[in-house]
Structure formats: C-alpha cells, structure tokens
Amino acid sequence: MTKGDLDLSGEWTGIFNYPVSEPSVAFEATIHDSSGTISGTTTEVARTAVSPAQRLDAVIDGRREGRSVQFIKMYDQTDDEYDVVQYSGSLDPEGDEIAGTWQVAGMSGTFLMVRRSRAGTAARREAGERIDG
C-alpha cells in the first residue's frame, strides 16, 4: 500500500472490549476520509441490566496520519457517565484493519475494526446498477 492509497473511507465492522468481565460490544461504522481528516458515524447495541438492547448512535471525528488513527466518538444520546470516547489505533499494512485502545472517564479497553470487503461492495454496487439500469 502506498501513501496515496491510505484512505479509511468506507463501511467497517468492529468490536470493542471492556477491561472487566462485561461482554464485548459489536458496532458498525461508516467513515469518510478526506486527506487524513476522518469523520463518520457508528451504531451499536448496548446491553445492560437497565437497558437490555438499546441502539446507540454516535458521530466520530479525528485524524489519520500515515497508519496512525485517532478519533473521538460522541454519542447522540446523553449519558451522565460519559459523553466522549477517545480512540487511538494503528492501520494494518493492507489498510483494512484498525486495532488499538479506547479511553473514557478513567476506563479503557481495546478495539478492532475491519473494513467490509471493497470487492464485495463493488460487486453489490455493480449488481444494483444492472438491476436499476
């Protein structure tokens, strides 16, 4: 992958892990990368004793410098426990995985994001164009 190929734009699937015995949480992300400035949205389903299946939406805002990725996640829903989660990770050489850590209100854990297949996305887009066209 060359420097010009680095672009996080696309659909991602991820998981973040808590430092305690809480279960991991899966999420979906859409990222837009404009010359290293990243923005986008995430969606996850929170499972807590109080709310067993609450959908949480958030926006992300950050930077990519080479393979280093840093962004903040701000939930649409307000929460007295925290409001901004900081993420810091590294992009793999192929440009399709980001692994790192997250931190909020004195707690931290790990995360992994995997880009959905570019080939699969292109095939779905092409198939849709054939049907529509």
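All residue numbers in this chain count up from 1 along the given sequence. Hydrogens, waters and symmetry mates play no part in the numbers below; they use all other heavy atoms, side chains included.
Residues Leu112 and Ala99 come closest through the heavy atom pair CD1-CB, 4.0 Å. The two atoms that bring Trp12 and Asp96 nearest to each other are CZ3-O, 3.6 Å, heavy atoms only. Contact record, Ala58 with Lys73: CB-CG, 3.4 Å, taken as the closest heavy-atom pair. Taking all atoms of both residues into account, the shortest heavy-atom contact from Thr42 to Ala29 is CG2-CB, 3.9 Å. Scanning all heavy atoms of the two residues, the minimum distance from Asp33 to Arg64 falls at OD2-NE, 2.7 Å.
Residues Val114 and Val25 do not share a hydrophobic cluster, clusters being chains of Ile/Leu/Val/Met/Phe/Trp/Tyr side chains in contact below 4.5 Å. Hydrophobic clustering, with ILVMFWY side chains joined whenever heavy atoms are under 4.5 angstrom apart, groups Met107 together with Val85.
In this structure, Arg115 contributes its side chain and Ser9 its backbone to a donor-acceptor pair below 3.5 Å.
Partners of Thr30 according to the side-chain contact (heavy atoms from CB on, under 4.5 Å) rule, which considers only residues two or more places apart in sequence or in another chain, are Glu11, His32, Thr41. Remark: Asp57 engages Arg55 in a salt bridge (Lys or Arg N to Asp or Glu O under 4.0 Å) (not counting sequence neighbours). Partners of Ser88 by side-chain hydrogen bond (donor to acceptor under 3.5 Å, both in side chains), not counting sequence neighbours: none found. Applying the side-chain hydrogen bond (donor to acceptor under 3.5 Å, both in side chains) rule to Ser24 yields the partners Asn17; only residues at least two apart in sequence or on another chain are considered. Not counting sequence neighbours, Thr101 has no partner by the side-chain hydrogen bond (donor to acceptor under 3.5 Å, both in side chains) test.
Taking the six-membered ring where tryptophan is involved, the planes of Phe16 and Phe27 are tilted, since the angle between them lies from 30° to 60°.
To the nearest 0.5 Å, atoms CG (Asp7) and OG (Ser35) are separated by 8.5 Å. Here OH of Tyr87 is found 9.0 Å from CD1 of Ile60. Values are rounded to the nearest 0.5 Å. To the nearest 0.5 angstrom, Glu65 atom CD is 7.5 Å from Gln70 atom CD. Separating the CZ atom in Arg63 from the OG1 atom in Thr37 is a distance of 4.0 Å, to the nearest 0.5 Å.
Trp102 has its ring centre less than 6.0 Å from the ring centre of Tyr18.
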Test Met113 against Val69 for side-chain contact (heavy atoms from CB on, under 4.5 Å), laying out the working first. CA-CA 12 Å; Met113 297 172 64; Val69 179; over 6 Å; no
Output, in order, the C-alpha distance, side-chain angles, deciding distance and verdict of side-chain contact (heavy atoms from CB on, under 4.5 Å) for Glu97 and Leu91. CA-CA 6 Å; Glu97 289 186 12; Leu91 185 63; over 6 Å; no
